[in-house]
Amino acid sequence: MTTADQPPGARRPDTRLTPSRIRSTQFPRVAVGRRGYSPEAVDQFVRRMAEEITARDAAEANLRAQLDRVRRALKQWQTRQLERRDTGINPAVTPEGRSIDAVNTLSQAQQQADAYIAQAQEYCRQITADARNRADAILCEAQERAEATTAQALRTYEARQAAEQEAAARAESEAERPSPETVTAGIDVEELDRRLTWARAFVATLEAVEAQLNSSREALNVELDALDRIRRHRAELNELTELAQLSRSSGSST
Amino acid sequence: MDPARLKDSWKAVSAHGDQVPLFFYASLFLAHPDTRELFPASMATQRDRLVRALGQVITNVEQLDSVVPVLQQLGRDHRKYGATREHYPAVGQALISTLEAFLGEHWTPELAEDWTAAFTVVSNVMIEAAEAAEAQSPPWWEAEVIRHEQRIVDVAVIHLRPNYRLPYRPGQALSLETPTRPRLWRYYTPANMPAEDGVIELHVRSVDGGPVSGALVQNTQVGDVVRLGAPVGESLTLDPADRHDLVLIAGGTGLAPMKALIGQVAAEGGNRQVHLFWGTRWSWELYDLDALRKLEAEHDFLQLTPCVSVETTYEDGARATAVDAALSAGPWPGHEFYVCGSPAMVRGSLDALSAANVPDERIHIERFGDEEELR
């Protein structure tokens, strides 16, 4: 607890709590998460204390003034007694006898003025501090809400993006297994394609086979020719052999 | 003079608390009604100050030399209240009456002599200091408001033209009195170097419930005349012979002395690097950003970092307190640190700086003597 203009920890033996010092005392705030007294209750109590001490000071001053008055009255009475005995004149009330009363009156007026001014300043301070704190709280709350809304919007957007991407991906993979209407047409086309390719390949094979057959036939022809020649040769050989036999047989007769 | 007797009597008297200065001022004003106008309507803080000053003198009565500088400053400052040497005996008389009233039977002629002797020494020191200052400067300057811009709800930038040249060093503070709040003086630091035309720029924040600052921000217009007291304070000034680079950490209107220091560096030729970290809670509270950006553009040696501590969407500077931004932009070996702002901000910044092992002798903050108040 420090007053507004005293360094913390300083101790002076002759400092007492005056109303001004009480009003300007600042209590340290309690740490976040710790429990403490309600600041409004403490402030209210402090204000009441300041007023009470002011009142008690005034009461004490009055008592002192009364005491002073009584003492002076006693002194005057004693002096008057002596003087009456001597001269029979009543001396005037000394102006000094009034002075402490006058001082007290002025002091009390000053205290009243101080109290009004302190009250007005405190009220003003409270209102502006309140307004400032409230404005700050509203701004912070608005800021938090804006952040939350932005985060939410971001999440929604990302979710939608993900969903769209998923849909697109699915669409792509479905494009490789076409849909029913296009299936038959697709099959037709593709089937025709396949068949065409097969047919072409078959034709090519046939041609190759034909070519091979042709060459085989030619080869065969050649062989056949050769065989033919050989047969003719054998036939000629046979004829010649028969002739020869005939001639041998006829020849012997000569 | 018996110091022990003085101290004992003071202890007995001060046990009565606030009643003693109440009595003192009341008897002073009764005996010398013309003195009442030298004081403000509410005397509460005044009473505190009187008791504290008297206590300080009595505690050190054996080595009065140690309190002489404080008393001299007090004497000089009293000129702006309109106190003259003729007032001092009246004050002495009121003091004696007060002590007599509270000590009762314990009041002896010897004690009266002791107190009179002590008071004479004090008042002589004060009067001499006042008269020495009289030869050099007026007790106060009248200054006309030539520009008043309420930049945000509770901050105004005010330009004043004093009637005479008011010399001061950048970083010093001037006390100010506004006629709508008579006899209440508050300190403000000029935000500019002493200029050719003598115009002084002040940054005033309306303190909650503060009579003077509130009046200055909300109820003051161009043409109003305020009073300025002599410059005080050496703790935020810059030694021209120094060549250290600077790290300036400012919160809110704590910007004012920093701006003045930047002006001084510029006038000296820009021979050192200056890094200014200016912090507020929200970005719209950066009430002087345009002027600072202009300064940054004009001067190579200056680097400005606006710091916003609460607003999370701030993009044009650091999103941290000024001191945190300064420390994370560090390290700053060999740099001198200047810190100015609200008391809470200064305390927090000092804690952060010492936690970062910045040596104390490199840190400069505003320090005022006991006898005057801040704002």
Side-chain angles (χ1 to χ4, degrees), chain A residues 3-6 12-21 23-24 26 50 53-54 56-58 60-61 64-65 67-68 71 99-100 102-111 113-118 120-132 135-136 139-140 143-144 146-147 150, chain B residues 7 10-31 36 40-49 51-52 54-56 58-59 94 97-98 101-102 104 153-154 206-211 214 281-282 310-313 343-344 347 368 370 372-374:
Chain A
T3 53
D5 39 18
Q6 219 178 10
R12 291 213 174 96
D14 56 357
T15 55
R16 283 305 202 88
L17 283 179
T18 66
S20 161
R21 220 169 270 148
R23 285 193 187 99
S24 62
Q26 284 163 12
I53 291 197
T54 308
R56 295 218 186 152
D57 276 351
E60 198 188 308
R64 191 171 312 108
L67 184 60
D68 190 72
R71 278 205 195 112
S99 67
I100 295 203
V103 167
N104 275 353
T105 307
L106 193 55
S107 296
Q108 278 172 28
Q110 183 64 58
Q111 275 176 316
D114 290 345
Y116 287 148
I117 291 176
Q121 279 183 359
E122 174 60 21
Y123 183 61
C124 176
R125 190 201 64 77
Q126 254 184 353
I127 289 186
T128 43
D130 250 355
R132 187 193 306 281
D136 215 63
L139 286 167
C140 283
Q143 193 171 244
E144 272 169 43
E147 279 173 358
T150 309
Chain B
K7 289 188 183 177
W10 177 246
K11 210 164 138 190
V13 161
S14 59
H16 295 275
D18 208 28
Q19 300 176 62
V20 173
L22 260 173
F23 191 102
F24 166 80
Y25 281 114
S27 56
L28 172 66
F29 299 153
L30 273 176
R36 181 61 183 88
S42 169
M43 295 285 290
T45 42
Q46 185 63 37
R47 290 196 290 271
D48 264 351
R49 273 192 232 143
V51 167
R52 208 155 5 114
L54 276 175
Q56 210 179 359
I58 296 305
T59 319
S97 310
T98 308
F102 282 90
V153 161
D154 49 1
S206 172
V207 171
D208 292 343
R281 291 167 60 74
W282 303 92
V310 172
E311 189 176 322
T312 51
T313 54
R347 266 195 304 271
F368 288 90
D370 275 341
E372 294 285 3
E373 274 188 341
L374 268 167

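Note on naming: letters A, B, ... go to the chains in the order of the sequence lines (proteins, then strands), and numbering restarts at 1 for each one.
For A:Gln143, the part lying under 4.5 angstrom from a heavy atom of chain B is the side chain only. Neither the backbone nor the side chain of B:Ser97 comes within less than 4.5 Å of any heavy atom of chain A. Interface remark: B:Ala15 contributes backbone and side-chain atoms alike to the contact with chain A (heavy atom separation under 4.5 Å). Residue A:Ile53: no heavy atom, backbone or side chain, is found under 4.5 Å from chain B. Proximity to chain A (any heavy atom under 4.5 Å) is restricted, for B:Arg36, to the side chain, taken from C-beta onward. Only the side chain of A:Arg64 comes within contact range of chain B, judged by heavy atoms closer than 4.5 Å.
The backbone N or O of B:Ala41 sits less than 3.5 Å from a side-chain atom of A:Gln110, completing a donor-acceptor pair. Using a distance-only test at 3.5 Å, with no hydrogens or angles considered, no donor-acceptor pair links the side chain of A:Glu147 to the main chain of B:Thr312.
In this structure, the side chains of A:Pro19 and B:Asp18 come closer than 4.5 Å at one or more pairs of heavy atoms. The shortest side-chain heavy-atom distance between B:Asp154 and A:Arg132 falls under the 4.5 Å cut-off.
In plain terms, the two heavy atoms of A:Gln121 and B:Pro211 that are nearest each other are NE2-CG, 3.2 Å. Between B:Asp208 and A:Arg125, the closest heavy-atom pair is O-CG, 3.1 Å. The minimum heavy-atom distance between B:Ala26 and A:Leu106, with the atom names listed, is O-CD2, 3.5 Å. Taking all atoms of both residues into account, the shortest heavy-atom contact from A:Ser20 to B:Asp48 is OG-OD2, 3.2 Å. Nearest approach of A:Cys124 to B:Gly209, heavy atoms of both residues: SG-CA, 3.7 Å.
Here the CD atom belonging to B:Gln19 is positioned 12.0 Å from the CZ atom belonging to A:Arg56, to the nearest 0.5 angstrom. The structure places CG of A:Asp136 at 5.5 Å from CH2 of B:Trp282, a figure rounded to the nearest 0.5 Å. In this structure, CZ on B:Arg47 lies 4.5 Å from CG on A:Asp114, to the nearest 0.5 angstrom.
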